[in-house]
Novice: 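The structure follows.
Every chain is numbered from 1, with letters handed out A, B, ... down the list of sequences.
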2 protein chains.
Amino acid sequence: MPPTPGRRFKTAIYEQFARVSKALASAHRVELVELLAQGPRTVDALARMADMTLANTSAHLQVLRGAGLVESTREGLFVTYRLPDPSVADLLLAVRKVAEARLAEVAKVTRAFLAANSQLEPVDEAALRARVRRGEVTLLDVRPPEEFASGHIPGALSVPLPALVKELARLPRRREVVAYCRGPYCVLAIEAVKQLRARGFKAVRLEEGVLDWAARGLRVERTGA
Amino acid sequence: MPPTPGRRFKTAIYEQFARVSKALASAHRVELVELLAQGPRTVDALARMADMTLANTSAHLQVLRGAGLVESTREGLFVTYRLPDPSVADLLLAVRKVAEARLAEVAKVTRAFLAANSQLEPVDEAALRARVRRGEVTLLDVRPPEEFASGHIPGALSVPLPALVKELARLPRRREVVAYCRGPYCVLAIEAVKQLRARGFKAVRLEEGVLDWAARGLRVERTGA
DNA sequence: CCTTTAATCAATAAACTACTAGAGTAGTCA
DNA sequence: TGACTACTCTAGTAGTTTATTGATTAAAGG
């Protein structure tokens, strides 16, 4: 039997929804979107950060663009990709939330990794805010400087992980250090805390990243253009 | 070169996220989740509502269950599927929002269908609430009665579309009628408004469904168990 | 003009996915 | 017990997606 007009309409709409989900239906593409949520990037920077070949990265970015999840502009030799609007970041957070709620494996994998790296006590966000305001803790953003520039937690210092050791001298020894990076599954802050502790600092990790911070309606600071 | 432990961890996590997205990466599965967001259903009810074969519906439901997006219990002959928690409905809304923001085609398809059905003026939600409270409009929930039971907008009357014509006598002629169903892309209310108008009622459609209503933090009424 | 670098395209093989038809299982009821 | 209903599983086919390779295009600079 032929489909009714109502069925035709439904199918068309659901296909559009599926198209969006399909775009995030690959681990590589999720990673690319997560990276782009921290700020715009060139294809080649993304390829290096995600440990993928250039051609493969380009191909995946085009799938994402086809679904409207990213947009791109050419600037000289480079093509820069970015998220077109905040709803894409919200979608990423929604996926993460479902994954956390429903897939025991996420928790299992996380715990296994954190244990292997003797990583402890993710910090409570509400308590932190008060302590940062009172100057009791040093808040470090250990992501690359461009990501800091395109949005960071107010009061944070930009100390990219590779520069951490050199910058140590400038940090007050007594004060506790809180480090954060892209979010609960980003490894930069984990590594930073490990290094800080090895050098005698009292250091903990903030689980949340800027994305989570913003999603709670909290203010985000921006530098430069 | 061998992957670092950090890379291994990232890949494992992103694969879990992708698994969730993958579950919604098919028009059929999106439809099933949307139906389940209105309340629990048996496989066979879902198959009929989504115009799919029983075997195919069962297969898709199992993909969804594998990703943790639905859960099922057997009750006698019937297996009932349901959404395990509200984060799944939130995910659906996030997908819809991105699709609306990014895919011009959604808007195009919608407008085409609504025009073909001479459907007009989706109603403003804030204004509606006040008018319902003052008794100026009759608010109709035209979904099947089980969906009404598992959650509806406060003050709404359950008048399933197939029963609409019979129930007309009980509606005050003078008062404007507002009909809603599952959400902006559900066709039940569109059809209801068409029938009401053909019989001389002043009728408009409320775009939002119960899901959207709840997502705004507004109260939802529940009947029975 | 030729070279270099960034990105994309084209072609392929391997790996998945969707759907159907038909067989099989679990539970109900006479 | 046997007939029946709701659902799941199996196998097979068709179609889609993925990563890789090497070729190609686009811009910048000597």
Novice: Checking contacts here: which listed nucleotide (C/dA7, C/dG27, D/dT20) is nearest the side-chain heavy atoms of B/Arg74?
Specialist: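 Between C/dA7, C/dG27, D/dT20, the one nearest the side chain of B/Arg74 would be C/dG27.
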
Novice: Walk me through whether B/Thr73 and B/Arg82 qualify under side chain to side chain donor-acceptor pair (under 3.5 Å).
Specialist: CA-CA 9 Å; B/Thr73 50; B/Arg82 62 181 56 74; 3.2 Å; yes

Novice: CE of A/Met52 versus P of C/dA7: gap in Å, rounded?
Specialist: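 In whole Å, C/dA7 P and A/Met52 CE are 13 Å from each other.
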
Novice: Hey, are the side chains of B/Leu168 and B/Val159 touching, using non-hydrogen atoms and a 4.5 Å cut-off?
Specialist: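 The answer is no; the side chains never approach within 4.5 Å.
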
Novice: Under 6.0 Å between the ring centres of B/Tyr14 and A/Tyr185?
Specialist: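 Centroid distance B/Tyr14-A/Tyr185: not below 6.0 Å, so no.
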
Novice: B/Leu64 CG to D/dT8 P: how many Å, rounded?
Specialist: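 Interatomic distance, CG of B/Leu64 to P of D/dT8: 12 Å.
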
Novice: May I ask you to say what A/Ala55 touches in the nucleic acid, namely base, sugar-phosphate or nothing, with a heavy-atom cut-off under 4.0 Å?
Specialist: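 It contacts base atoms.
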
Novice: Starting the side chain at C-beta, find the nucleotide from D/dC7, D/dT18, D/dA26 nearest to A/His60.
Specialist: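 The nucleotide sitting nearest to the side chain is D/dT18.
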
Novice: Taking A/Arg7 first and then B/Glu31, would you say they form a salt bridge - that is, a charged N and a carboxylate O separated by under 4.0 Å?
Specialist: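 So A/Arg7 pairs with B/Glu31 through a salt bridge.
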
Novice: I'd like to know if A/Arg102 and B/Asp85 make a salt bridge, using a cut-off of under 4.0 Å between side-chain N and carboxylate O.
Specialist: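 Salt bridge present between A/Arg102 and B/Asp85.
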
Novice: OP1 or OP2 of D/dA6 less than 4.0 angstrom from a side-chain nitrogen or oxygen of B/Tyr81, does that happen here?
Specialist: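 It does not, given that no N or O in the side chain of B/Tyr81 lies less than 4.0 Å from OP1 or OP2 of D/dA6.
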
Novice: Given atom CG of A/Asp51 and atom C1' of D/dT20, what is their separation to the nearest angstrom?
Specialist: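 Taking atom C1' of D/dT20 as the reference, CG of A/Asp51 is at 17 Å.
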
Novice: For the side chain of B/Val79, starting at C-beta, report the closest nucleotide among C/dT20, D/dT8, C/dT8.
Specialist: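 Nucleotide nearest to B/Val79's side chain: D/dT8.
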
Novice: Please report the closest heavy-atom contact between A/Ala192 and A/Ala179, naming both atoms and the distance.
Specialist: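 So the two residues come closest at CB-CB, 4.4 Å.
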
Novice: If you measure from the Lys or Arg side-chain nitrogens to the Asp or Glu carboxylate oxygens, is any gap between B/Asp212 and B/Arg216 under 4.0 Å?
Specialist: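 So B/Asp212 does not pair with B/Arg216 through a salt bridge.
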
Novice: OP1, OP2 of D/dT8 versus side-chain N and O of B/Ser58: anything below 4.0 Å?
Specialist: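 It does, given that an N or O in the side chain of B/Ser58 lies less than 4.0 Å from OP1 or OP2 of D/dT8.
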
Novice: What parts of residues 39-47 of chain B reach DNA chain D, counting only heavy atoms under 4.0 Å away?
Specialist: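 Of all residues in residues 39-47 of chain B, the ones placing a heavy atom under 4.0 Å from DNA chain D are B/Thr42, B/Val43, B/Asp44.
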
Novice: Any side-chain N or O of A/Gln62 less than 4.0 Å from the OP1 or OP2 oxygen of C/dA7?
Specialist: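 Looking at the OP1 and OP2 atoms of C/dA7, neither is under 4.0 Å from any side-chain N or O of A/Gln62.
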
Novice: Would you kindly give the CZ-to-P distance between A/Phe78 and C/dA7, to the nearest whole Å?
Specialist: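 The distance from CZ of A/Phe78 to P of C/dA7 comes to 6 Å, rounded to the nearest Å.
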
Novice: Can you list, by residue number, the residues of residues 11-27 of chain A that have a non-hydrogen atom closer than 4.0 angstrom to DNA chain C?
Specialist: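 Per residue number, the list is empty: none.
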
Novice: For the residue pair B/Ala27 and A/Ala18, what are the closest heavy atoms and their distance?
Specialist: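 Closest approach of B/Ala27 to A/Ala18: N-CB, 3.4 Å.
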
Novice: Counting side-chain heavy atoms from CB outward, which of C/dA7, C/dC19, C/dT5 is closest to A/Leu77?
Specialist: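 Comparing C/dA7, C/dC19, C/dT5 against the side chain of A/Leu77, the answer is C/dT5.
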
Novice: In whole Å, what is the span from the CZ atom of B/Arg65 to the P atom of D/dC7?
Specialist: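 Interatomic distance, CZ of B/Arg65 to P of D/dC7: 12 Å.
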
Novice: Round to a whole Å and report the spacing from NE2 of A/His28 to P of C/dA15.
Specialist: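 Taking NE2 of A/His28 and P of C/dA15, I get 16 Å after rounding.
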
Novice: Using 4.0 Å as the upper bound for N to carboxylate O, is an ion pair formed by B/Glu167 and B/Arg170?
Specialist: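 Counted as a salt bridge, because a side-chain N and a carboxylate O are separated by less than 4.0 Å.
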
Novice: Could you say whether B/Leu61 or A/Arg29 is positioned toward the 5' end of DNA chain D, judged by the nucleotide with the nearest heavy atom to each?
Specialist: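 Its nucleotide being nearer the 5' end, the pick is B/Leu61.
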
Novice: Looking at B/Glu147 and B/Arg41, is any side-chain nitrogen of the basic one under 4.0 Å from a carboxylate oxygen of the acidic one?
Specialist: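 Between B/Glu147 and B/Arg41 there is a salt bridge, with a charged N closer than 4.0 Å to a carboxylate O.
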
Novice: Quickly work out the A/Leu54 CG to D/dA23 P distance and round it to whole Å.
Specialist: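 Checked: the CG to P distance equals 16 Å.
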
Novice: Ignoring backbone atoms, test whether B/Thr53 places a side-chain nitrogen or oxygen under 4.0 Å from the OP1 or OP2 oxygen of C/dT20.
Specialist: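 B/Thr53 to C/dT20 OP1/OP2: side-chain N or O found under 4.0 Å.
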
